[in-house]
Amino acid sequence: MKRILIVGSTGQIGSELSCKLRSIYGTDNVVCGHFAPPYPEGFFDAGPTVKIDATDINQVAEAVKTYKIDTIYNLAAILSATAELHPQLGWTVGIGSLLNCLNVAKEYGCAVFTPSSIGAFGSDTPRVKTPQDTLQRPTTIYGITKVTGELLSDYYFHRWGVDTRSVRYPGLISNMTLPGGGTTDYAVEIYYKAVKGEKFTCPIKAGTLMDMMYMPDALDAAIQLMEADPARLKHRNSFNVTAMSFDPEMLKAAIQRHYPDFKMEYDIDPVKQAIADSWPDSMDDSCAREEWDWNPKYDLDTMTKDMINVLQLKLQ
Ligand code: NAD
Ligand code: AKB
């Protein structure tokens, strides 16, 4: 039976991953590490929780020891747009937390999942059908932490036998917890505006294509990879995974199929636009499909239908 610690469990991914992992492995076998508010509703009543600043190795080690953890999902990070405004913080949290998780995992025999991102690529990377193995020279501090994280995770696997696995997530769209300061956040915020009947001001230029994925597929990706037969894995850190690629106009059109009067204007955020311009238009995720049967369920239209249904109930 798995005993799981989620580090950074209150964010966009963690707030949903914790519910899914508890439904599979049992409530008491999933410990939610929390660092700072805001907390998801009912967070402290839903199962075991522990306060962890992951940049302090003693706090990570204590939690792993106390709860007899064998698997760490390390989600602590500062996302791309915020990290670009606070680069030192981006590095300290992204790499400090990862190194602490890896060192504790080495000592206590844990497996570690740490998401990478489309941010691990840069302007020199082939933009269309970005290959699994290709040039990675990101120009953002976020991307630099992601490439470093991929390399460190592979190093701990090859050098110390730590079972590290990772996916390069695209922008994630969800309806439980708002995203935490990324470049792709617009693709979540637009749905809240549409359902509230308000106009959306888009910070990303028309024509800017980026990979995206609906949260249920993102959760499946993490869990499926952590459950995958290690004998099939030729890669580990990190797998390209994607579900769709769109620009703001394509997203607006999908929403207008439900809300024909929905309006969008543009006010470009130069920091976010520069980041988006350095990321792929679309990734090739065939290695994930071959090595652990990755197969996303949602496309732009099915995701849009579900997002709108859920937000109509939530925001009414
Ligand atoms: P988020 O910003 O919503 O949540 C991050 C979590 O980290 C929060 O719970 C925060 O409290 C916690 N945290 C911050 N500093 C900490 C510290 N010192 N110690 C412990 N916890 C700390 O991020 P998210 O969207 O849930 O992303 C999780 C991971 O997935 C990150 O590595 C991120 O780069 C990656 N990722 C996310 C997306 C996305 O679209 N959400 C896409 C690609 C990759
Ligand atoms: C961000 O925009 O920073 C994240 C990501 C794609 O890594 N959503």
Side-chain angles (χ1 to χ4, degrees), residues 5-18 32-40 43 49-57 59-60 63 72-86 89-101 112-121 138 140-150 153 166-174 176-189 203-204 208 210-215 217-219 221-222 238-243 269 271-273 275-276 278-280 283:
L5 172 66
I6 309 178
V7 172
S9 74
T10 59
Q12 189 192 5
I13 299 178
S15 57
E16 298 200 40
L17 183 63
S18 52
C32 284
H34 59 93
F35 173 65
Y39 298 110
F43 176 75
T49 64
V50 58
K51 174 129 177 69
I52 298 181
D53 176 351
T55 62
D56 176 352
I57 192 167
Q59 295 187 32
V60 181
I72 303 173
Y73 283 78
N74 166 36
L75 306 179
I78 304 297
L79 270 71
S80 59
T82 305
E84 217 44 45
L85 302 176
H86 307 282
L89 182 69
W91 178 265
T92 303
V93 174
I95 296 304
S97 303
L98 173 60
L99 262 178
N100 289 341
C101 289
V112 182
F113 174 82
T114 306
S116 184
S117 159
I118 47 173
F121 298 115
T140 63
I141 190 68
Y142 180 68
I144 292 166
T145 67
K146 290 305 180 192
V147 176
T148 308
E150 292 184 10
S153 299
S166 169
V167 295
R168 294 180 185 130
Y169 278 135
L172 301 183
I173 291 141
S174 66
M176 186 182 282
T177 301
L178 284 167
T183 303
T184 58
D185 294 9
Y186 90 88
V188 178
E189 290 156 0
I204 299 292
T208 310
M210 284 187 275
D211 285 289
M212 301 279 177
M213 186 185 294
Y214 197 28
M215 188 60 83
D217 281 327
L219 304 183
S238 179
F239 283 93
N240 286 2
V241 285
T242 187
D269 176 327
V271 174
K272 289 186 179 180
Q273 186 62 45
I275 297 172
S278 75
W279 287 357
M283 282 188 291

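Counting starts at 1 for both ligands and their atoms, in listed order.
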* Asked: Does ligand 2 have a heavy atom under 4.0 Å from the side chain of I118, from its backbone, from both, or from neither?
  ->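 Just the side chain.
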* **With sequence neighbours excluded, residues passing ring-ring contact (aromatic ring centres under 6.0 Å, His included) with Y214** => Y298
When you compare the side chain of [Y] with that of [X], does any pair of heavy atoms fall below 4.5 Å?
X: I204; Y: K272; result: yes
X: T10; Y: S15; result: no
X: V241; Y: Y169; result: yes
X: C101; Y: T114; result: no
X: M215; Y: I13; result: yes
X: R168; Y: E150; result: yes

* Asked: Would you call the rings of H34 and F43 parallel, tilted or perpendicular if under 30° counts as parallel and over 60° as perpendicular?
  ->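 Plane angle over 60°, so perpendicular.
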* For E84 and T140, test the side chains for any donor-to-acceptor distance below 3.5 angstrom and give the result as yes or no. => no
* Asked: Any nitrogen or oxygen of S80, main chain or side chain, under 3.5 Å from a nitrogen or oxygen of ligand 2?
  ->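 Among all N and O atoms of S80, at least one is under 3.5 Å from an N or O of ligand 2.
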* **Heteroatom distance test (T184, ligand 2): nitrogen or oxygen, under 3.5 angstrom** =>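 Yes - when backbone and side-chain N and O of T184 are compared with those of ligand 2, one distance drops under 3.5 Å.
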* Where is the nearest protein heavy atom to atom 4 (C) of ligand 2: which residue, which atom, and how far? -> L79 CD2, 3.7 Å
* **Shortest protein heavy-atom distance from atom 2 (O) of ligand 2, along with the residue and atom involved** => T183 N, 2.6 Å
* Could you name the protein residues that come within less than 4.0 Å of ligand 1, counting only heavy atoms, and order them by chain and residue number? =>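 Answer by chain and number: G8, T10, G11, Q12, I13, F35, I52, D53, A54, T55, L75, A76, A77, L79, V93, P115, S116, S117, Y142, K146, Y169, P170, G171, L172, G180.
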* Contact atoms of ligand 2, heavy-atom distance to W279 under 4.0 Å -> 1 (C), 2 (O), 3 (O), 6 (C)
* By number and element, which atoms of ligand 2 are closer than 4.0 Å to a non-hydrogen atom of S117? -> 5 (C), 6 (C), 7 (O)
